[in-house]
Each structure stands twice: as C-alpha cells, then as structure tokens.
Asks: 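First, the structure itself, so that you have it in front of you.
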Amino acid sequence: MEAILAGAVVLAVGVLLAFGIKKFSLGDSVTFLALMLLPLIAYGVVSGKVQEFTAPGGWGAKFHEVAAKPVDPVPLSKSIVDGEFIAKGDYVMLEQAARTIEPGEPIALTLQLGRGSFYVESVIREYIRVLSASDPEMSVVIIDADGKYVASSKGIVVAGLLDASDQGQQFMAALRSATPTDILNVPGFTDKSIPDEASNVEALEKMERENTSRLVAVTANRVPRGIVLRDMIVARLLVGLASDKK
C-alpha cells in the first residue's frame, strides 16, 4: 500500500508539472516524458522491486542518454508476413504463420503495388482477420515494385474498407495500380514513417503528433526496415532510469 500511495502522490504532482510544462512551454519533450515515468519508478523504489536508482543530477543525464539513442525497430523478418502467400490463397501457410507468432509480437502484412489481379480481395480480408487475432493493431504496409515504402494503414481499417463496397473497390484498384498516389487517396492510408536512424524521443514526438502507437521505420532509400513501437521505447527509457541490484 505504501508503494501504491507513493506512486499515486508522485503521479498527481507529475501530472500538474507536466500540464504546466506543456501549457507554458517550460521544458522539452524529454523532461515531460521523465515526469510521466516517475510514478512507476517511485512505486518500484518504495516496493523494493527497484533496489538502486541514480541520484538527482545523474538520472536526468541517463534519461537523456537513452532518449537520444537510435530507435530499435522490430525487424521485418520477425514482423512482416509476406503478401506472396495471399496470391495463392494459401490458408495453410496462413495457419502456419499464425501459429509461429509470439504473444505481443507486432505484425505487418506487406502488399506490393502494380501486380494486377495478383491479390484477391476475399483472401486479403481473411489474412487480416486471422492475424488481427494475434495483433489487433497489425499494420498493412504497401511497397512499390522496388520494395520501397509507399504507405501503411491499420489492418482493421483495411478490413473495413473491404467490407464497404465502394471503398473496397477503390482500395483494390489502387493496389493493382503502380501509381503511389492512388493508394494515398484511399481513406485510412498514410505515408508517414520514421527514419531508422531517428532517436527514441524523436519517434515518440512523431507518434504523439500523428496520434499513433507505431510507425514504419525506413532506411535512407525508403526501404522498410521494421516497426517501431511506442511501448517498447517507453520500456527502454524506464529500464535506462532504474536497475535492479544483482
């Protein structure tokens, strides 16, 4: 109870300070994020789960150090389900892919523009339905003929498009086209991404602006490298602030 009360008190103070910082522009985003993490740290210290914590003056520098580190995207080899399966309507492959997905692992389904009737609407819908059971926030990532990132959307949004006759036809027509602007004109799709060399705090700032919990990380040549998750970044920041005694 003492740990919970301590965390609640720090949370209340942190919220007030964070409100002041955001309203009157008194600090940067790193300071704001640090205040939001303090209740968790206070709980860990009082409860005894966190035995060692850097002193004032040291923790701030440590937080900035972690925040400035480059993002660490979940590699495509772990997060992407290849759209080649869809072309054949291979539900056996779909079931095998679903069984190998680890709990909490982000999923992205890649589809390539300009392949004519290669993809079938009903099969795309089924893939999204099955994969969303493992990752409700799964992404549909669109690439061009050169494998470069074009756009992305949530799987649930694409499923909704396919369920709506007119929008479903618009999406399939844009997918069969080789023109990137066609897919960007489909409701729910965006070309927003984050450079794979961006810092953790830069990624969090962009996620806040775009009101999203994940972004596609791309190389300098716009090739998708992986998926960046807000929860993973926040976890790294917290681990960087506090450590357990061995």
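As the structure is a prediction and not an experimental result, all values here were calculated from the model.
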Asks: How close do Phe189 and Val140 get, counting heavy atoms only, and between which atoms?
Replies: CE2-O, 4.3 Å

Asks: Under a 4.0 Å threshold between the charged nitrogen and the carboxylate oxygen, would Glu202 count as salt-bridged to Lys206?
Replies: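 Here Lys206 does not pair with Glu202 in a salt bridge, since their nearest N and O are not under 4.0 Å apart.
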
Asks: Please give me the minimum heavy-atom distance between Val120 and Met172, naming the atom from each residue.
Replies: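 Between these two residues, the closest heavy atoms are C-CE, 4.3 Å.
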
Asks: Would you kindly confirm whether Met138 and Val123 end up in one hydrophobic cluster when ILVMFWY residues are joined by side chain heavy atoms under 4.5 Å apart?
Replies: yes

Asks: Taking atom NZ of Lys192 and atom CD1 of Ile194, what is their separation to the nearest 0.5 Å?
Replies: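 Rounded to the nearest 0.5 Å, the NZ-CD1 separation comes to 11.0 Å.
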
Asks: Output yes when a side-chain donor or acceptor of Arg125 lies under 3.5 Å from a complementary backbone atom of Leu162, and no otherwise.
Replies: yes

Asks: Rounded to the nearest 0.5 Å, how far apart are CD of Glu208 and CZ of Arg230?
Replies: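 That separation rounds to 9.0 Å.
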
Asks: Just verifying a value: how many Å separate Thr179 OG1 and Leu184 CG, rounded to the nearest 0.5 Å?
Replies: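 With rounding to 0.5 Å, OG1 (Thr179) is 11.0 Å from CG (Leu184).
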
Asks: In Å and rounded to the nearest 0.5 Å, what is the CZ to CG distance from Phe171 to Leu111?
Replies: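 Result: 5.5 Å between the selected atoms.
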
Asks: If you look at every heavy atom in Ile128 and Ala159, which pair is closest and at what distance?
Replies: CG2-CB, 4.1 Å

Asks: Evaluate the side-chain contact (heavy atoms from CB on, under 4.5 Å) criterion for residues Val216 and Ile227: first the C-alpha distance (whole Å), next the side-chain angles of each, then the deciding distance (0.1 Å), finally the verdict.
Replies: CA-CA 5 Å; Val216 177; Ile227 304 294; 4.1 Å; yes

Asks: Quick check: closest heavy atoms across Leu161 and Pro187, and the distance to 0.1 Å?
Replies: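 Taking every non-hydrogen atom into account, CD1-O, 3.5 Å.
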
Asks: Can any side-chain N or O of Asp135 pair as donor or acceptor with the backbone N or O of Ile107 at less than 3.5 Å?
Replies: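 Between the backbone of Ile107 and the side chain of Asp135 there is a qualifying donor-acceptor contact (under 3.5 Å).
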
Asks: Find out if a path of hydrophobic residues (ILVMFWY) with successive side-chain heavy-atom gaps under 4.5 Å connects Phe118 to Val158.
Replies: yes

Asks: If I take atom CG from residue Asn200 and atom CE from residue Met232, how far apart are they, to the nearest 0.5 angstrom?
Replies: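 The CE atom of Met232 is 12.0 Å from CG of Asn200, to the nearest 0.5 Å.
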
Asks: Go through it in stages, so that I can follow the logic: the residues are Gln112 and Tyr119, the test is side-chain contact (heavy atoms from CB on, under 4.5 Å), and I'd like the CA-CA distance, side-chain angles, deciding distance and then a yes or no.
Replies: CA-CA 9 Å; Gln112 189 180 76; Tyr119 299 119; 3.8 Å; yes

Asks: Please indicate whether Glu197 has more than 12 foreign heavy atoms, meaning atoms of other residues, nucleotides or ligands, lying under 6.0 Å from its CD.
Replies: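 Result for CD/Glu197: open.
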
Asks: Please name the pair of heavy atoms, one in Ser177 and one in Leu113, separated by the smallest distance, quoted to 0.1 Å.
Replies: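 Closest approach of Ser177 to Leu113, heavy atoms only: O-CB, 3.4 Å.
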
Asks: Compare every heavy atom of Glu137 with every heavy atom of Arg214, then report the nearest pair and how far apart it is.
Replies: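 Closest approach of Arg214 to Glu137, heavy atoms only: NH1-O, 3.2 Å.
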
Asks: I need the Ile183 CD1 to Ile143 CD1 distance, nearest 0.5 Å.
Replies: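 Here the rounded value is 12.5 Å.
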
Asks: Does anything in residues 142-151 pair up under side chain to side chain donor-acceptor pair (under 3.5 Å), and if so which pairs, sequence neighbours excluded?
Replies: Tyr149-Ser152

